[in-house]
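Only one structure is covered here, and it is reproduced in the block below.
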Amino acid sequence: MPGKTTDGALSEVCRRCKENSSVLVVRLEPLCQDCFARYVHTKAIKRLETFRVNFHTNEERKVLLPLTFGVSSTTLMHILDLHLKTQMSKTGRTGFALSVLAIGNAEGTLPVDGFLDKVRRQYPGDAALRDLVPHAADVRNFSDQEQLASLINSLPSASARADVLSTLRTRLIVEHARSAGCQSILWGDSTTALAEKTLAETCKGRGFSLPWQVADGKTPFGVYFHYPLRDVLKKELVSYIDLADSGLASLVHESTPGATQASTSSKNTTIDDLMKQYFESVEENFPSIVSNVVRTSSKLEVPAGADSDPRCGTAGLGKESVKAFAAHAPEHIYLTGRNSTAAASLMAEVRSERSTAALSFIELDLSSLRSPVGFDCTDKLAPLAKDKDLANRLWDWTDKILARYDGADG
């Protein structure tokens, strides 16, 4: 089992160095503390080959690390710090400049300022540190946290709230990376987290985004995503933190230590929670299944020309759903999607099958909160007016936060 400490392991010699006593068994291999730390470091550094020191240019590449103060992102920050120090000692220069962006939680239970102070003391001068939501100079009414909480709580379901928060968080991180001149974002997702994301995003109908959600490479946002810990299981990272110096453990904030508990009410259980519970249980005894999910999803590629011709909801499952609805002779079918040409082709196909349903296409990018803002709600779609208003207010909130980046101290 990954990161499993057993009495038998303590009595065995480390299988790699053949000298020290092992402290845990990692994927059936007894390892001592030093070899286990080297094992985790090597897994991460191998994914950073593109950030080696380049002696042919004086231009320093900038990368951004979103720090949630969880086990994964904290471990990655520590490994990157060690890697930069090694590069400097061997070559006199580094392969990249690191910026760290502190990410709080929607509930406001994470004391970001206090944890940032700890990070600055433990890693002085190595990276630019900043809070994802800079404090406003003038707060007269509601704080940013209170405004966001009010908007999010107006959403109808736990899954919707979690999904919108994830969308907002990603947009803020990407925009911060752009404003700071970072070409790449280094996410701290472990193998386990990427497996959870693979199934969760597929369940939400966003399987098209998996090529950049779980694999290294270019994204539609104009920056590169990298996942240095994609070959390390979460339980291995938990063991790494437990065996590391106490200073590293003090930087970790886990709102729910241990295994994720299922909510007593299905209304409060999100798709992400279900996937997390599932993979935590699978990882305990069958870690290879978790790794296989990530390896398989990493083979997915963005179709050629996808950047200029985005995927549309009028294809695949969306297309087949419209055709299935039309077979039951409804009064009116409203289609939403990003590609008006594909929508016109689909409506022509439905009409050719002698469907009596009226068809209307509404051009919407369901992956963008900005898209519904300009949407004109008709009488029959009046319920969507509330969603439009909420999208507008959420977008205004993020615009307000983004406007502070230029004036915020690095």
Side-chain angles (χ1 to χ4, degrees), residues 1-5 9 14-17 20 22-53 63-68 70-87 90 94-96 98 100 123 184-198 212-217 224-245 248-249 251-252 279-280 282-284 286-299:
M1 297 181 189
K4 182 180 180 182
T5 303
C14 174
R15 191 169 294 177
R16 296 199 174 186
C17 68
N20 302 322
S22 60
V23 295
L24 76 171
V25 176
V26 179
R27 308 191 189 194
L28 304 180
E29 189 177 24
L31 297 179
C32 66
Q33 184 170 344
D34 291 340
C35 288
F36 173 63
R38 194 175 302 113
Y39 160 84
V40 175
H41 292 178
T42 302
K43 289 280 189 182
I45 300 305
K46 280 184 176 180
R47 308 294 310 185
L48 297 173
E49 285 297 312
T50 56
F51 299 101
R52 291 178 295 181
V53 175
V63 300
L64 180 70
L65 168 65
L67 178 64
T68 62
V71 170
S72 300
S73 61
T74 303
T75 300
L76 180 57
M77 179 183 65
H78 182 67
I79 292 174
L80 291 174
D81 176 71
L82 294 176
H83 187 50
L84 287 171
K85 289 178 178 177
T86 301
Q87 286 183 333
K90 289 183 176 180
T94 58
F96 58 94
L98 179 64
V100 179
Y123 303 98
S184 302
I185 298 177
L186 305 182
W187 300 95
D189 298 54
S190 63
T191 305
T192 316
L194 292 176
E196 296 164 7
K197 186 187 295 184
T198 296
W212 63 85
Q213 290 264 34
V214 300
D216 298 349
Y224 287 82
F225 284 2
H226 297 270
Y227 302 90
L229 298 179
R230 63 177 292 110
D231 296 325
V232 186
L233 295 164
K234 182 180 178 180
K235 290 191 176 295
E236 293 171 344
L237 297 176
V238 171
S239 297
Y240 180 89
I241 291 289
D242 291 341
L243 295 172
D245 296 334
L248 184 60
L251 301 180
V252 177
F279 278 107
E280 282 181 350
V282 170
E283 180 191 52
E284 187 66 30
F286 306 101
S288 60
I289 294 179
V290 183
S291 300
N292 286 338
V293 171
V294 177
R295 278 197 294 266
T296 301
S297 61
S298 65
K299 296 178 182 179

Measure the shortest side-chain to side-chain distance between Val23 and Phe36 over non-hydrogen atoms and say whether it is less than 4.5 angstrom. no
List the steps and the verdict of ring-ring contact (aromatic ring centres under 6.0 Å, His included) for Phe51 and His226. CA-CA 11 Å; Phe51 299 101; His226 297 270; 5.1 Å; yes
With a 4.5 Å limit on heavy-atom distance, are the side chains of Lys235 and Thr192 in contact? no
Can you measure from CD (Glu29) to SG (Cys35) and round to the nearest 0.5 angstrom? 8.5 Å
As an exercise, state the distance from CG of Leu80 to NZ of Lys85, rounded to the nearest 0.5 Å. 12.0 Å
Measure the spacing between CG of Asp81 and NE2 of His83 and express it to the nearest 0.5 Å. 11.5 Å
Looking only at heavy atoms, the pair that brings Ile79 and Tyr240 closest together is CG1-OH, 4.3 Å
Say you draw a straight line from CZ of Phe96 to CG of Leu84; how long is it, rounded to the nearest 0.5 Å? 4.0 Å
Under 3.5 Å, is there a donor-acceptor pair between the side chain of Thr74 and the main chain of Val71? no
Would you sort out whether Tyr39 and Glu236 count as a side-chain hydrogen bond (donor to acceptor under 3.5 Å, both in side chains), showing the intermediate values? CA-CA 10 Å; Tyr39 160 84; Glu236 293 171 344; 3.2 Å; yes
Over all atoms of both residues, closest heavy-atom pair of Val252 and Gly70: CG1-C, 4.1 Å
I want to check something: taking the side chain as every heavy atom from C-beta on, are Lys234 and Phe279 in contact at a cut-off of under 4.5 Å? no
Any side-chain heavy-atom pair of Asp189 and Leu229 under 4.5 Å: no
First locate atom CG of Asp231, then atom OG1 of Thr42, and finally report the distance between them rounded to the nearest 0.5 Å. 11.5 Å
How far apart are the closest heavy atoms of Leu186 and Pro66, and which atoms are they? O-CD, 3.2 Å
Could you tell me whether the side chain of Tyr123 reaches within less than 4.5 Å of the side chain of Leu251, counting heavy atoms only? yes
If you take all heavy atoms of Ser190 and Leu237, which pair is closest and at what distance? CB-CD1, 3.8 Å
Between Leu31 and Cys14, is there a side-chain heavy-atom distance shorter than 4.5 Å? yes
Checking Ser298 now: which residues fulfil side-chain hydrogen bond (donor to acceptor under 3.5 Å, both in side chains) with it, not counting sequence neighbours? none
Side chain to side chain, Phe225 and Gln213, heavy atoms closer than 4.5 Å: no
Separation of Arg230 CZ from Arg47 CZ (nearest 0.5 Å): 5.0 Å
Where Cys17 and Cys32 come nearest, the two heavy atoms and their spacing: SG-SG, 3.8 Å
Between Arg52 and Glu49 (salt bridge meaning N to carboxylate O under 4.0 Å), is one present in this structure? yes
I'd like to know whether Asp216 forms a side-chain contact (heavy atoms from CB on, under 4.5 Å) with Thr50, so could you lay out the CA-CA distance, the side-chain angles of the two residues, the decisive distance to 0.1 Å, and finally the verdict. CA-CA 11 Å; Asp216 298 349; Thr50 56; over 6 Å; no
Residue pair Thr68 / Ser73, side-chain donor-acceptor N/O under 3.5 Å: yes
Correct closest heavy-atom pair for Arg295 and Ser288 would be NH2-O, 4.5 Å
What's the verdict on side-chain contact (heavy atoms from CB on, under 4.5 Å) for Thr75 and Ile241, showing C-alpha distance, side-chain angles and the deciding distance? CA-CA 7 Å; Thr75 300; Ile241 291 289; 3.5 Å; yes
